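Each chain gets a letter, A, B and so on, in the order its sequence line appears, and its residues count up from 1. The figures here come from the full heavy-atom set of this structure, side chains too, leaving out hydrogens, waters and symmetry mates. For clarity, every value in this text was computed on a predicted model and none was experimentally measured.
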2 protein chains.
Amino acid sequence: MISQPRVVSRSTLKRLPLYLHLLEKLMDQGVENISCTQIAQEFDFDPTQVRKDLETTGAVGTARIGFRAATLVVKIKEFLGWDNAHDAFLVGAGNMGKALLGYKDFEKYGLNIVAAFDKDARKVGTRIFNREVLPLAKLPNLAGRMHINIGIVAVPAEYAQGVVDLMVGAGIRAIWNFAPAPLRIPEGVILENARLTQSLAVLTNNLTKVLRK
Amino acid sequence: MISQPRVVSRSTLKRLPLYLHLLEKLMDQGVENISCTQIAQEFDFDPTQVRKDLETTGAVGTARIGFRAATLVVKIKEFLGWDNAHDAFLVGAGNMGKALLGYKDFEKYGLNIVAAFDKDARKVGTRIFNREVLPLAKLPNLAGRMHINIGIVAVPAEYAQGVVDLMVGAGIRAIWNFAPAPLRIPEGVILENARLTQSLAVLTNNLTKVLRK
DNA sequence: TTTATATCGAGAAAATTGTATCGATAAAAT
DNA sequence: ATTTTATCGATACAATTTTCTCGATATAAA
Ligand SMILES: NC(=O)c1ccc[n+]([C@@H]2O[C@H](COP(=O)([O-])OP(=O)(O)OC[C@H]3O[C@@H](n4cnc5c(N)ncnc54)[C@H](O)[C@@H]3O)[C@@H](O)[C@H]2O)c1
Ligand SMILES: NC(=O)c1ccc[n+]([C@@H]2O[C@H](COP(=O)([O-])OP(=O)(O)OC[C@H]3O[C@@H](n4cnc5c(N)ncnc54)[C@H](O)[C@@H]3O)[C@@H](O)[C@H]2O)c1
């Protein structure tokens, strides 16, 4: 069995997908081996940092050669839980919900959205990117029967807590939240916020500083 | 003039929008003053951390009372550059592009997407959420004339670098990138990646760890 | 009025994260 | 065959970020 480090920093975790995207691109181009130095150059990171990040996945390299790209991809995917797809329910088939439903690459990232839910009667019964839009009332029962672990929240902020409570009650273990609202979850449930506004904040703050000069 | 601290950490910058969302919610409920302790409780942060974050915006509180919510909102928005809207161009009117075009709250966050561009002839000429979809060839000229500072990249990864080069050539100063590709930009241009897969990586890694137990 | 308490603001301490150094090793160059 | 070079892996060091401590202050309670 592979023994993994007990703690991984969030920063490391967030850099791993970057490496993965790069590795897949390079492999398409026929690259077989890659060094931390090369990876670091692509992102303007420190090579040692890359090495440490890769170390957490359990990958081992060889001096003067680097790491085998194929092995690295497998190791990173394993580590992130992207080797087996997790089935997920999405609630809120609005603009963002539709974009997520239409994103084919999620399968590569271990995410398989199997159904959507909405409270809008006009949306219920339609199909979006080949997934049925179901009434919210059906979520608890279905989530249990289908062993759904991941719930995606794409409803307006004021309804987000209600949706989360429903999901948690239905046995969902991990929540990916797109609403800009602080959510309360019970111990043991995983909450991850995909906050676009945080990213935007960094952008506009930097831009403002540059423009003020 | 308000003298701002020279350096703000990215972490602080990313927490500020969280506070802002909370403050706006609380103000709707009639709250006038709020302490760092209260804010910290909402997010499970350390109160001192919140106090330091708020300090960077130039806000000052009073002992035993806390901060005036209204002042805090203004200060944070000022600091993030969300007090005046920045006009932006969006390239790639696909699933994600449409979601972004349809997001009304961006105005609150200082972002005003004024036009969309796409290379797909079937999309060009249509309107999405009341914004025209224009051919890519028109971008350089229009960006200059309209003094566009922000470019949003929502095209598939393999085309992202090309779009960025076009934007930079057109004088765009800041790029918000949604494609999972490492991009090269010249000195002085701001690049911010809105990488959803990073957030997903944290979620699935945590979930995998829990499920393995 | 006096005392208790919550909070700010500043600075110190601790923890975390990132960077540099160095020996070992494997390939390439001489 | 020997030297040089690139890289890994381990460890030490540095920077940053978070958390703790404490005095000052403003309100509320006694
Ligand atoms: N669109 C974006 O680009 C964007 C960007 C950042 C954040 N977000 C956030 O994502 C969330 C969704 O945004 P959107 O643009 O898709 O909004 P939207 O209004 O287009 O869609 C919301 C959908 O949720 C449904 N809904 C509302 N309440 C519900 C409930 N209680 N149960 C089930 N369904 C419910 C609505 O019927 C609608 O279909 C919001 O919280 C928004 O702030 C969106
Ligand atoms: N949809 C999602 O939920 C999601 C999530 C994460 C990341 N992303 C990323 O966002 C980007 C867009 O994703 P999407 O789902 O909207 O894809 P999409 O295929 O739906 O849309 C892409 C759009 O870009 C246009 N386009 C392609 N090349 C172009 C070019 N050179 N110039 C101008 N327009 C061009 C296409 O015509 C299309 O309209 C991708 O890089 C994707 O990886 C999307």
Side-chain angles (χ1 to χ4, degrees), chain A residues 2-19 22-23 26 31-72 75-76 79 198 201-202 205, chain B residues 2-16 18-19 22-23 26 31-72 75-76 79 198 201-202 205-206:
Chain A
I2 312 134
S3 87
Q4 289 185 353
R6 296 294 160 278
V7 287
V8 203
S9 84
R10 203 186 149 79
S11 327
T12 291
L13 222 33
K14 292 178 89 174
R15 281 189 295 265
L16 290 175
L18 305 183
Y19 306 152
L22 176 67
L23 287 165
L26 292 175
V31 172
E32 296 210 333
N33 295 301
I34 185 159
S35 73
C36 294
T37 317
Q38 284 173 276
I39 298 178
Q41 263 166 8
E42 284 286 337
F43 300 102
D44 268 318
F45 291 167
D46 186 286
T48 317
Q49 186 177 56
V50 176
R51 219 172 288 138
K52 283 197 173 175
D53 288 341
L54 296 182
E55 202 175 301
T56 64
T57 68
V60 281
T62 13
R64 190 63 211 252
I65 301 279
F67 294 80
R68 259 198 84 73
T71 319
L72 220 40
K75 282 286 184 184
I76 295 177
F79 188 75
Q198 291 194 332
V202 177
N205 173 270
Chain B
I2 313 134
S3 88
Q4 291 185 350
R6 297 294 161 278
V7 286
V8 202
S9 83
R10 201 186 152 81
S11 328
T12 292
L13 223 33
K14 291 178 91 173
R15 281 188 298 266
L16 291 174
L18 305 183
Y19 305 152
L22 175 67
L23 287 165
L26 291 176
V31 172
E32 295 208 334
N33 296 302
I34 186 156
S35 73
C36 293
T37 318
Q38 285 172 275
I39 297 178
Q41 263 166 10
E42 285 285 337
F43 300 103
D44 270 317
F45 290 168
D46 186 284
T48 317
Q49 187 177 55
V50 176
R51 215 172 292 137
K52 291 206 164 163
D53 287 342
L54 297 183
E55 204 175 301
T56 64
T57 68
V60 280
T62 13
R64 191 64 212 257
I65 301 279
F67 293 79
R68 261 198 83 70
T71 319
L72 221 40
K75 283 284 185 185
I76 295 176
F79 188 75
Q198 291 193 333
V202 177
N205 173 268
N206 285 337

Under 4.0 Å protein heavy-atom contacts per nucleotide of nucleotides 25-30 of chain C, with B for base, S for backbone only and - for none: BBB---
Set of residues satisfying side chain to side chain donor-acceptor pair (under 3.5 Å) with respect to Gln41(A), sequence neighbours excluded: none
Between dC8(D) (C1') and Arg51(A) (CZ): distance, integer Å: 6 Å
Salt bridge (charged side-chain N to carboxylate O under 4.0 Å, His left out) partners for Arg64(A), two or more places apart: none
Stepwise side chain to side chain contact (heavy atoms under 4.5 Å, CB included) check, Tyr19(B) with Leu54(B): CA-CA 9 Å; Tyr19(B) 305 152; Leu54(B) 297 183; 3.8 Å; yes
Side chain to side chain contact (heavy atoms under 4.5 Å, CB included) between Leu16(B) and Val8(B), worked out: CA-CA 11 Å; Leu16(B) 291 174; Val8(B) 202; 5.5 Å; no
DNA chain D-proximal residues of residues 33-41 of chain B, any heavy atom under 4.0 Å: none
By side chain to side chain donor-acceptor pair (under 3.5 Å) - contacts of Thr37(B) (at least two apart): none
Atom-pair distance (CD on Glu32(B); P on dT27(D)), nearest Å: 14 Å
Stepwise side chain to side chain contact (heavy atoms under 4.5 Å, CB included) test for Phe45(A) and Leu18(A): CA-CA 11 Å; Phe45(A) 291 167; Leu18(A) 305 183; 4.1 Å; yes
Short N/O separations, protein against nucleotides 16-20 of chain D, under 3.5 angstrom:
from, atom 1, to, atom 2, distance (Å)
dT18(D), OP1, Arg15(B), NH1, 2.9
dT18(D), OP1, Gln49(B), NE2, 3.4
dT18(D), OP2, Arg15(B), NH2, 3.0
dT18(D), OP2, Gln49(B), NE2, 3.4
dT18(D), O5', Gln49(B), NE2, 2.9
dT19(D), O4, Lys52(B), NZ, 3.0
dC20(D), OP2, Asp46(B), OD2, 3.4

Residues in side-chain contact (heavy atoms from CB on, under 4.5 Å) contact with Glu32(B), at least two apart in sequence or another chain: Arg68(B)
Whole angstrom value for the distance that separates P of dC8(C) from CD of Glu55(B): 11 Å
Any residue meeting side-chain contact (heavy atoms from CB on, under 4.5 Å) with Ser9(A), in chain and number order, not counting sequence neighbours: Ser11(A), Thr12(A)
For atom CZ of Arg68(A) and atom C1' of dC8(D), their distance in whole Å: 17 Å
Selection residues 52-71 of chain B - residue pairs positive for ring pair (Phe, Tyr, Trp, His ring centres under 6.0 Å), sequence neighbours left out: none
Residue pairs, two or more places apart or on separate chains, that pass salt bridge (Lys or Arg N to Asp or Glu O under 4.0 Å) and touch residues 44-54 of chain A: Arg15(A)-Asp53(A)
